[in-house]
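Read through the structure below, which is laid out as structure tokens, and then see the notes.
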Amino acid sequence: MLKTFLKPGWVLMLLFVVAFSYLAFSVLAPWQLGKDDDIVERNENITHAYEADPQPIDQVVDDDGAISGDEWSRTTLKGHYLPEDEVLLRLRPAGSGPSYQSLVPFRTDAGLTMLINRGWVSAEEGNAVPDIPPAPSEEVTITGMVRSNEAEHKTAPITQEGYQQVYSIHTEQVGSLIGADLGQDYIQLSEDQPGVLNAMPIPQLDRGNHLSYGYQWIAFGIMAPLGLGYFIWSEIRERRRLREEEAAMQALDADAESLADAPTSNGEPGTTATAAATADANTDPAPLATELRNRSRYGDSKPDHYAKLKKCRRERY
């Protein structure tokens, strides 16, 4: 029996089940559960930000312009835009289609320069840059939400239609394009603020399906070895049935040979015995047929192995 499960098919199945369960428990489930945790944390931060009053920028970020508290915290900045250093975030979906987002530095009265996302304007036909109103140059006070810096996009910035354009809000990359020392993170401008275009929407406070997906991967990781155990048990059960059928067929063959060798009433060996064996072969003994009928290995169909036995007996006699 052990040799059966050392065959390549069984060994490969075992390796696959072990690898799948390992990935389900260590990679796939934590990946989905981690995304759910991040969304829950984001929703809590957004809710808290709207419940709290805006704080001055120096209480929300450190000296390097990096978020010192929670992302999405509301903050106020007093100073002026640098509209000549405007950079566009290129063709990121917003509203009902691709759009351009205006990224403009803002220098506070304290000397800190933060990148401001003024919002979006829909792209024109052919993804052309639309008419974008410039940011005001006079001193203003603005309110927005602090956002974490994005990773640098693998596609290099381009200059097109009179604008420098980037594919991600990476403040270090934007700062190198305009020659400015920007804060590490950036500000997403709120509605009804000086210089705002179409304000970026706040994410919906919905957890999505990541939690259920995580539980599903855990369930799959448990079901895979259970399924393998079922197949192993079915294989063992099937082989036991085959051995029992072979033993029964050998016993019937032995009985037939004994009857064939037994002397008849007229002294001629085998005549009566052969007739009896033939009659026995044409008879359908229900108990024996029931015993020899066998379920298939992994399903509910019932092939009649006794039919094969009857055919063998008929051919013999």
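Computed from a predicted structure; not experimentally measured.
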**Report entry** Rounded distance (nearest 0.5 Å) linking atom CD1 of Ile46 with atom CD of Glu71
**Finding:** 8.5 Å
Query raised in the report: Closest approach of Phe220 and Phe20, non-hydrogen atoms and distance?
Result: O-CE2, 3.6 Å
Query raised in the report: Do the non-hydrogen side-chain atoms of Asp36 and Arg207 ever get within less than 4.5 Å of each other?
Result: yes
Query raised in the report: To the nearest 0.5 Å, how far apart are OG in Ser168 and CG in Leu89?
Result: 7.5 Å
Requested in this report: Indicate yes or no: at least one non-hydrogen side-chain atom of His153 is less than 4.5 angstrom from one of His170.
Outcome: no
Query raised in the report: Are Phe25 and Trp31 connected in the hydrophobic side-chain network, where two residues link if heavy atoms are under 4.5 Å apart?
Result: no
**Report entry** Side chain Glu150, main chain Ile169, donor-acceptor under 3.5 Å
**Finding:** yes
Query raised in the report: If you draw the axis of the six-membered ring of Trp72, does the NZ or CZ of Arg147 fall within 45° of it and under 6.0 Å from the ring centre?
Result: yes
Report task. Output yes when a side-chain donor or acceptor of Ser21 lies under 3.5 Å from a complementary backbone atom of Val18, and no otherwise. Result -> no
Requested in this report: Test Phe106 against Val140 for side chain to side chain contact (heavy atoms under 4.5 Å, CB included), laying out the working first.
Outcome: CA-CA 10 Å; Phe106 187 94; Val140 292; 3.8 Å; yes
Report summary line: Closest non-hydrogen contact found for Pro105 with Thr113 is CB-CG2, 3.9 Å
Query raised in the report: Could you walk me through whether Trp10 and Ile232 pass the side chain to side chain contact (heavy atoms under 4.5 Å, CB included) check?
Result: CA-CA 9 Å; Trp10 284 103; Ile232 292 174; 3.8 Å; yes
Requested in this report: Any chance you could measure Asp185, atom CG, to Leu115, atom CG, to the nearest 0.5 Å?
Outcome: 10.5 Å
Query raised in the report: For the atom pair CD (Gln250) and CD (Glu245), what is the distance rounded to the nearest 0.5 Å?
Result: 12.0 Å
Query raised in the report: Considering only heavy atoms from C-beta outward, does the side chain of Trp120 approach that of Leu197 to under 4.5 Å?
Result: no
Query raised in the report: When you check the side-chain N and O atoms of Ser102 and Glu86, is any donor under 3.5 Å from an acceptor?
Result: yes
Requested in this report: Determine yes or no for a side-chain-to-main-chain donor-acceptor pair under 3.5 angstrom, with Tyr81 supplying the side chain and Pro194 the backbone.
Outcome: yes
Query raised in the report: What are the two closest non-hydrogen atoms of Ser176 and Gln173, and how far apart are they?
Result: OG-O, 2.6 Å
Query raised in the report: Are Leu189 and Val60 connected, step by step, through hydrophobic side chains (Ile, Leu, Val, Met, Phe, Trp, Tyr) whose heavy atoms are closer than 4.5 Å?
Result: yes
Query - Any Glu84 side-chain heavy atom under 4.5 Å of Leu82 side chain - result: yes
Query raised in the report: Sub-3.5 Å donor-acceptor pair from the side chain of Thr75 to the main-chain atoms of Gln55, do we have one?
Result: yes
Report task. For Gln59, look at atom CD and say whether over 12 heavy atoms of other residues, nucleotides or ligands are found less than 6.0 Å away. Result -> yes
**Report entry** Under 3.5 Å: donor-acceptor pair, side chain of Ser99, backbone of Arg92
**Finding:** yes
Report task. Please report the closest heavy-atom contact between Ser122 and Pro130, naming both atoms and the distance. Result -> O-CG, 3.2 Å
Query raised in the report: When you check the gap from the basic side-chain N to the acidic O, do Glu244 and Arg240 get nearer than 4.0 Å?
Result: no
Query raised in the report: Quick one: does Asn45's side chain have a donor or acceptor within less than 3.5 Å of a partner on Asp70's backbone?
Result: no
Requested in this report: Go through the side-chain N and O atoms of Asn117 and Gln101 and say whether any donor and acceptor fall under 3.5 Å apart.
Outcome: yes
Query raised in the report: Does some side-chain heavy atom of Glu124 sit less than 4.5 Å from a side-chain heavy atom of Val129?
Result: no
Query raised in the report: Would you say Leu182 and Leu177 are hydrophobically clustered, going by side-chain heavy atoms of ILVMFWY under 4.5 Å?
Result: yes
Report summary line: Between the CG atom in Asp85 and the CD atom in Gln164, the distance rounded to the nearest 0.5 Å is 9.0 Å
Requested in this report: Would you confirm whether Arg107, through its side chain, and Gly79, through its main-chain N or O, come within 3.5 Å as a donor-acceptor pair?
Outcome: no
Query raised in the report: So, for Ile132 and Arg118, which heavy atoms are closest and what is the spacing to 0.1 Å?
Result: CG2-NH1, 4.3 Å
Query raised in the report: Atom CG of Leu23 and atom CG of Leu28: how far apart are they, to the nearest 0.5 Å?
Result: 6.0 Å
Query raised in the report: With hydrophobic residues grouped by side-chain heavy-atom distances under 4.5 Å, do Leu228 and Val11 end up in a single group?
Result: no
Query raised in the report: Counting heavy atoms not belonging to Asp58, are there more than 12 under 6.0 Å from its CG?
Result: yes
Query raised in the report: Hey, is the main chain of Gln165 close enough, under 3.5 Å, to the side chain of Arg90 for a donor-acceptor pair?
Result: no
Report task. Just do the side chain to side chain contact (heavy atoms under 4.5 Å, CB included) check on Leu91 and Tyr100 with the steps written out, would you? Result -> CA-CA 5 Å; Leu91 298 178; Tyr100 289 88; 3.7 Å; yes
Query raised in the report: So, Asp62 side chain and Gly65 main chain: donor-acceptor pair closer than 3.5 Å or not?
Result: yes
Query raised in the report: Would you say Ile187 and Leu77 make side-chain contact, with heavy atoms under 4.5 Å?
Result: yes
Query raised in the report: Are Ile142 and Val146 connected in a single hydrophobic cluster, I mean Ile/Leu/Val/Met/Phe/Trp/Tyr linked by side-chain heavy atoms less than 4.5 Å apart?
Result: yes
Report task. Work out which heavy atom in Ser190 is nearest to a heavy atom in Val196; give both atom names and the distance. Result -> O-CG2, 3.5 Å
Query raised in the report: Hey, are the side chains of Glu152 and Val166 touching, using non-hydrogen atoms and a 4.5 Å cut-off?
Result: no
Query - Leu33 vs Trp217 side-chain heavy atoms within contact, under 4.5 Å - result: no
Query raised in the report: Side-chain donor-acceptor pair under 3.5 Å between Gln32 and His210, yes or no?
Result: yes
Query - Verdict with supporting geometry, Leu103 and Leu88, side chain to side chain contact (heavy atoms under 4.5 Å, CB included) - result: CA-CA 6 Å; Leu103 309 177; Leu88 299 185; over 6 Å; no
Query raised in the report: Is the backbone N or O of Tyr163 less than 3.5 Å from a side-chain atom of Thr159, with the two atoms forming a donor-acceptor pair by type?
Result: no
**Report entry** Heavy-atom neighbours of Glu191 CD exceed 12 at 6.0 Å
**Finding:** no
